[in-house]
Amino acid sequence: MPLADYVKKDTIYLNCRARDRVELFSQVAEDLLSKKYVKKGFLDFINNREDKYPTGLQLTDYTVAIPHGDPKYINKPFVAVITLIKPILMKQMDDTTKNLYVDTLFILGLGNGTDHLSLLQDIMKLLQKGSFVKKIRACNGIDEVKFVIKDAEKTLRGDLYE
Amino acid sequence: MSKKINILVACGSGVATSTIAAAEIRDICEEYGIKNYTISKCSMTEMPSQSDNFDIVFTTNNYRGKISKPLISVTGFITGINTKELKEKVGQKLVSLQE
């Protein structure tokens with residue numbers, strides 16, 4: 001299943017406002033819970049996990065975060081795309097002493113399964129291309145995000161077969 | 001027959017970024033002609049106790065504690081920054097462990 005199918009119309013959150021990570025996580029987790037994507041306990045899990053093992057990534061041109069829940073808290077697999085008006089402070093995955101201002105997040109809600117590898121690799125390949133994050137950040141609507149992802153994945157496939 | 005290398009890859013959950021890193025390491029083994037190896041994954045919490053059963057540990061998160069086995073941080077495979085240098089470092093280290 002391509003990334004475009006994991007990013008559901010109702011798991012795209014554009015131009016969010018949050019004072020900090022805790023506030024953002026609780027807003028998004030509450031919404032995901034009400035839509036039955038996640039189970040109770042998801043919020044605590046991603047908060048604890050982020051405290052212990054942060055997911056902020058300093059890419060070449062952008063900073064993103066890829067919080068991910070444990071499969072046991074996932075009802076329906078999804079990837080949530082979040083853009084923030086103002087960045088929030090997070091920590092860097094490979095150096096927890098380093099702060100990062102993050103304004104784009106991809107929350108990975110993956111279930112138990114072994115077929116995640118290609119999805120994860122695709123996500124990383126897309127993120128490593130700064131232009132993808134830039135395009136996502138420029139989106140004004142949910143359909144636009146879906147289009148950008150589909151298009152980027154097509155290019156990715158194209159690259160692979162060249 | 002070269003010595004078998006038991007490789008452990010750890011990340012926060014043992015699910016996501018370690019899967020990507022493990023795939024990279026598999027590719028590196030192939031590239032460097034390393035055939036006799038195993039790769040296992042675990043979470044960072046399990047890593048210190050698990051590491052005793054392995055020859056080398058790779059992590060995508062930083063680890064400040066001490067373990068008795070060689071440990072290499074491989075976050076570069078996730079961010080795509082300095083991947084070439086990292087691949088060489090990992091490849092050379094794995095080759096040295098074969099001997």
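Quick note on labels: first sequence line is chain A, next is B, and so on, each numbered from 1. Computation of the quantities below employed the complete heavy-atom set of this structure, encompassing side-chain atoms and omitting hydrogens, waters and symmetry-equivalent molecules.
Contact of A:Leu120 with chain B is made through backbone and side chain together, with heavy-atom distances under 4.5 Å. With a 4.5 angstrom heavy-atom cutoff, A:Gln58 touches chain B only via backbone atoms. For a residue to count as touching a neighbouring chain, one of its non-hydrogen atoms must lie under 4.5 Å from one of that chain's; by this rule B:Ile81 touches chain A with the side chain only. In this structure, chain B has no heavy atom under 4.5 Å from any part of A:Ile123. With a 4.5 angstrom heavy-atom cutoff, A:Asp70 does not touch chain B via any of its atoms. For a residue to count as touching a neighbouring chain, one of its non-hydrogen atoms must lie under 4.5 Å from one of that chain's; by this rule B:Phe77 touches chain A with the backbone only. For chain B, no part of A:Leu110 is nearby; none of its heavy atoms comes within less than 4.5 Å. For a residue to count as touching a neighbouring chain, one of its non-hydrogen atoms must lie under 4.5 Å from one of that chain's; by this rule A:Thr97 touches chain B with backbone and side chain alike.
Put simply, of B:Thr59, B:Val74, B:Thr45, the one with the most heavy-atom pairs under 4.5 Å next to chain A is B:Thr45. Among A:Leu59, A:Thr96, A:Leu57, A:Thr60, the residue with the largest count of heavy-atom pairs under 4.5 Å with chain B is A:Thr96. The greatest number of non-hydrogen atom pairs below 4.5 Å with chain A, out of B:Cys11, B:Ser13, B:Ala22, is found for B:Ser13.
Environment of NZ in A:Lys98: sparse, with no more than 12 heavy atoms of neighbouring residues, nucleotides or ligands closer than 6.0 Å. The environment of NZ in A:Lys134 is sparse: at most 12 heavy-atom neighbours from other residues, nucleotides or ligands sit within 6.0 Å. Around atom CD of A:Glu30, no more than 12 heavy atoms belonging to other residues, nucleotides or ligands sit under 6.0 Å away.
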Notebook entry, point to check: So B:Lys4 and B:Asp55, salt bridge (Lys or Arg N to Asp or Glu O under 4.0 Å) or not? Walk me through it.
Noted result: CA-CA 9 Å; B:Lys4 187 176 185 179; B:Asp55 302 306; over 6 Å; no
Notebook entry, point to check: Does the salt bridge (Lys or Arg N to Asp or Glu O under 4.0 Å) test come out yes or no for A:Asp103 and A:Arg137, once each step is laid out?
Noted result: CA-CA 9 Å; A:Asp103 58 11; A:Arg137 289 207 50 80; 3.5 Å; yes
Checklist line | Full working for salt bridge (Lys or Arg N to Asp or Glu O under 4.0 Å) between A:Asp51 and A:Arg21 | finding: CA-CA 10 Å; A:Asp51 286 337; A:Arg21 185 203 94 203; 3.1 Å; yes
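The distance from atom CD1 of B:Ile34 to atom CD of B:Glu30, rounded to the nearest 0.5 Å, is 11.0 Å.
Using a 30° and 60° split on the angle between ring planes, A:Tyr73 and A:Phe45 fall in the tilted class, from 30° to 60°.
When the side chains of ILVMFWY residues are joined at heavy-atom separations under 4.5 Å, either directly or via intervening members, B:Leu86 and B:Tyr37 end up in a single hydrophobic cluster.
Using a cut-off of 4.0 Å between Lys/Arg side-chain N and Asp/Glu carboxylate O, A:Asp143 and A:Lys9 are scored as salt-bridged.
Two residues are said to be in side-chain contact when any heavy atoms from C-beta on lie closer than 4.5 Å; B:Lys69 and B:Phe54 fail this criterion.
Contact residues of residues 74-81 of chain A toward chain B are absent (heavy-atom distance under 4.5 Å).
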